[in-house]
**Q** 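To start, I am sharing the structure in question, which I have written as structure tokens.
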Amino acid sequence: MNVFIAGGTSGIGYSLARRYLDKGYHVGVCGRDLAKIPENSGENFKIFQADVCDIKILSEAITSFLSGGKNLDIFINCTGSYAEDVAGKISYDEAEEMLQTNIHGTVNCFEVARKAMKKQKKGSIAVIASVSGILEYENSSLYTKTKRSVLQIADAYHRALKPFGISVTAIAPGYVDTEKLRQLNHHDLSKKPFLTDVETASKIIEEAIQNQEKQIIFPAKMKWMMKSLSLLPSSLLNIIMFRKARWMKND
């Protein structure tokens, strides 16, 4: 089995890479900063420097990984960009980064995976979105809107690729205890409800891909909380989520 993980040099992506390597799979990962990766050795482990916003470089990485006529069995997009703009302002550069990585990068990943798998008539594609993308309300953050877009993009590709034997799985996790989350929160995760450790998260994601699930939301408590919030009127949801963002920023 051949698995390629965009954003596989740290966090959930790297944890997934280790899980697949332990199974004896051939694994390729790519990222912008290869210095993040804790370990880069192993006959079955290939590492590429690539930005998902650059489809040419991403395609070249996939082509190199599949050299020798190998099939691409699983492609996972774990990339993402985050900046909070509900209870504060973000810069133009931060906004552009989120739009480019979370939307344009997501489409690029689907396209390179689609092209590799279509001729095979099989394969699995997965993308990491966010549980925040489940909610739809007027004043949601730009991050939430981009992650909602990721879920919609995944749904569109699911419909388009199903006739070709290619499964698409959208992953909408709650808070996962990664080094990135700790850095964003100054190593204080006390205000992050239903926190999931990275090993548990990667196990859930691996199983969802194996079972070819269309969409998975975890953990269960976060799933039902967000489902309940989605039933509220938009005006009330706006107030609740704004106050939540202010509370998390200690304002």
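None of the values given here were measured: they were computed from a predicted structure. Side-chain atoms are counted along with the backbone in the values below, which use heavy atoms only and exclude waters and symmetry mates.
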**Q** Got a second to check how far Arg18's CZ is from Asp22's CG, nearest 0.5 Å?
**A**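 Going from CZ on Arg18 over to CG on Asp22, the span is 6.0 Å.
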**Q** Between Ser202 and Ser15, is any side-chain donor less than 3.5 angstrom from a side-chain acceptor?
**A**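 The answer is yes; a qualifying pair exists.
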**Q** Here's one to test your reading of the geometry: is the NZ or CZ of Lys118 within 45 degrees of the ring axis of Phe164 and under 6.0 Å from its centre?
**A**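 Yes, a cation-pi geometry holds between Lys118 and Phe164.
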**Q** Name the orientation class of the two ring planes belonging to Phe48 and Phe4 (parallel below 30°, tilted from 30 to 60°, perpendicular beyond 60°).
**A**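 Tilted, since the angle between the ring planes falls between 30° and 60°.
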**Q** Which heavy atom in Val176 sits nearest to a heavy atom in Leu181, and how many Å separate them?
**A**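 Smallest interatomic distance, heavy atoms only, reads O-CD2, 3.2 Å.
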**Q** So which of Val112, Ile166, Leu72 actually passes side chain to side chain contact (heavy atoms under 4.5 Å, CB included) with Ile125?
**A**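 It is Ile166, the one option of Val112, Ile166, Leu72 that forms the side chain to side chain contact (heavy atoms under 4.5 Å, CB included) with Ile125.
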**Q** I need the Ile128 CD1 to Ile76 CD1 distance, nearest 0.5 Å.
**A**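 Here the interatomic distance stands at 7.0 Å.
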**Q** Same cluster or not: are Tyr175 and Leu189 linked, directly or through other Ile, Leu, Val, Met, Phe, Trp or Tyr residues, by side-chain heavy atoms under 4.5 angstrom apart?
**A**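 Linked within one cluster.
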**Q** When you measure from the side chain of Asp188 to the backbone N and O of Ser190, does any donor-acceptor pair fall under 3.5 Å?
**A**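 Here the side-chain-to-backbone pair exists.
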**Q** So do Phe110 and Val168 actually touch side chain to side chain, heavy atoms under 4.5 Å?
**A**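 Yes, at least one pair of side-chain atoms sits under 4.5 Å.
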**Q** Is it true that Lys56 and Glu60 have a side-chain N and a carboxylate O under 4.0 angstrom from each other?
**A**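 Yes, this pair counts.
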**Q** Has Lys227 got more than 12 heavy atoms of other residues, nucleotides or ligands less than 6.0 Å from its NZ?
**A**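 Atom NZ in Lys227 is not packed in, count stays at 12 or less.
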**Q** Measure the shortest side-chain to side-chain distance between Arg159 and Asp155 over non-hydrogen atoms and say whether it is less than 4.5 angstrom.
**A**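 They are not in contact (no side-chain heavy atoms under 4.5 Å apart), so the answer is no.
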**Q** Linking I/L/V/M/F/W/Y whenever any side-chain heavy atoms sit under 4.5 Å apart, do Leu229 and Trp224 land together?
**A**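 In one cluster: no.
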**Q** For the side chain of Arg32 and the backbone of Gln49, is there at least one donor-acceptor N/O pair under 3.5 Å apart?
**A**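 Checking the backbone N and O of Gln49 against the side chain of Arg32, no donor-acceptor pair under 3.5 Å is found.
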**Q** Can you hop from Val107 to Ile57 via hydrophobic side chains spaced under 4.5 Å?
**A**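 Not linked; separate clusters.
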**Q** Would you please test Tyr82 and Ser130 for side chain to side chain contact (heavy atoms under 4.5 Å, CB included) and show each step?
**A** CA-CA 11 Å; Tyr82 172 85; Ser130 169; over 6 Å; no
**Q** Please report the interatomic distance CZ(Phe218) to OG1(Thr200), rounded to the nearest 0.5 Å.
**A**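 The CZ atom of Phe218 sits 9.0 Å away from the OG1 atom of Thr200.
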**Q** Would Lys203 and Glu199 satisfy salt bridge (Lys or Arg N to Asp or Glu O under 4.0 Å), going step by step from the backbone distance to the final call?
**A** CA-CA 6 Å; Lys203 181 176 184 293; Glu199 291 301 322; over 6 Å; no
**Q** For Met222 and Ile217: C-alpha separation, side-chain torsions, deciding distance, then whether side chain to side chain contact (heavy atoms under 4.5 Å, CB included) applies.
**A** CA-CA 8 Å; Met222 178 67 83; Ile217 305 169; 5.7 Å; no
**Q** Carefully, step by step, assess Glu179 and His187 under the rule side chain to side chain contact (heavy atoms under 4.5 Å, CB included).
**A** CA-CA 8 Å; Glu179 181 59 30; His187 294 273; 3.4 Å; yes
**Q** Minimum heavy-atom separation for Asp177 and Val198, please, with both atom names.
**A**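 Minimum heavy-atom separation between Asp177 and Val198: O-CB, 4.1 Å.
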**Q** Measuring from Cys53:SG to Gln100:CD, what's the distance to the nearest 0.5 Å?
**A**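 If we round to the nearest 0.5 Å, Cys53:SG and Gln100:CD are 5.5 Å apart.
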**Q** For residues Leu66 and Ala116, report the shortest heavy-atom separation together with the two atoms involved.
**A**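 Answer, listing the atom of Leu66 first, then Ala116: CD1-CB, 4.2 Å.
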**Q** Are any of the side-chain heavy atoms of Thr169 and Ser124 separated by less than 4.5 Å?
**A**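 They are not in side-chain contact.
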**Q** Within the structure provided, determine whether Glu206 and Lys23 are in side-chain contact (heavy-atom separation under 4.5 Å).
**A**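 A side-chain contact exists here, since the closest heavy-atom pair is under 4.5 Å.
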**Q** Checking side chain to side chain contact (heavy atoms under 4.5 Å, CB included) for the pair Leu135/Ser140: CA distance, chi angles, key distance, verdict?
**A** CA-CA 8 Å; Leu135 297 178; Ser140 60; over 6 Å; no
**Q** Do Thr146 and Leu99 have side chains that get closer than 4.5 Å, going by heavy atoms?
**A**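 When only atoms from C-beta onward are counted, Leu99 and Thr146 do touch, with a gap below 4.5 Å.
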**Q** Hey, does Asp73 have a side-chain heavy atom less than 4.5 Å from the side chain of Val3?
**A**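 Sidechains of Asp73 and Val3: no contact.
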**Q** Hydrophobic cluster membership, with links at side-chain heavy-atom distances under 4.5 Å among I/L/V/M/F/W/Y: are Leu184 and Ile90 in one?
**A**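 Leu184 and Ile90: one cluster.
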**Q** Tell me whether Lys147 contacts the main-chain N or O of Thr144 through its side chain, where contact means a donor paired with an acceptor under 3.5 Å.
**A**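 No, Lys147 side chain to Thr144 backbone: no donor-acceptor pair under 3.5 Å.
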**Q** Are the side chain of Ser64 and the backbone N or O of Ala61 linked by a donor-acceptor pair below 3.5 Å?
**A**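 Between the backbone of Ala61 and the side chain of Ser64 there is no qualifying donor-acceptor contact (under 3.5 Å).
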**Q** So, taking the atom named OG in Ser167 and the one named NZ in Lys214, what distance separates them when rounded to the nearest 0.5 Å?
**A**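 It comes to 12.5 Å.
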**Q** To the closest 0.5 Å, what do you measure between OG (Ser230) and CG (Leu232)?
**A**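 Spacing of OG (Ser230) from CG (Leu232) equals 8.0 Å.
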**Q** Would you please name every residue forming a ring pair (Phe, Tyr, Trp, His ring centres under 6.0 Å) with Tyr25, sequence neighbours left out?
**A**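 Result, ring pair (Phe, Tyr, Trp, His ring centres under 6.0 Å) vs Tyr25: Tyr20.
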**Q** Using 4.0 Å as the upper bound for N to carboxylate O, is an ion pair formed by Arg114 and Glu111?
**A**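 Counted as a salt bridge, because a side-chain N and a carboxylate O are separated by less than 4.0 Å.
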**Q** Less than 3.5 Å apart, any donor N or O on the side chain of Ser91 or Asp93 sitting next to an acceptor on the other?
**A**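 Result is no, nothing qualifies.
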**Q** Counting distance only, does the side-chain N/O of Ser59 pair as donor-acceptor with the main-chain N or O of Ile55 below 3.5 Å?
**A**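 Checking the backbone N and O of Ile55 against the side chain of Ser59, a donor-acceptor pair under 3.5 Å is found.
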**Q** Angle class for the Tyr14/Phe45 ring planes (parallel below 30°, perpendicular above 60°, tilted otherwise)?
**A**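 Tilted.
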**Q** Where do Ile5 and Cys78 come nearest, in terms of heavy atoms and distance?
**A**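 Where Ile5 meets Cys78 most closely, the heavy atoms are CG2-SG, 3.9 Å.
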**Q** Do the non-hydrogen side-chain atoms of Asn77 and Thr106 ever get within less than 4.5 Å of each other?
**A**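 Counting from C-beta outward, Asn77 and Thr106 do come under 4.5 Å.
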**Q** Taking C-beta and beyond as the side chain, do Asn44 and Leu21 meet within less than 4.5 Å on heavy atoms?
**A**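 Answer yes - side chains close enough.
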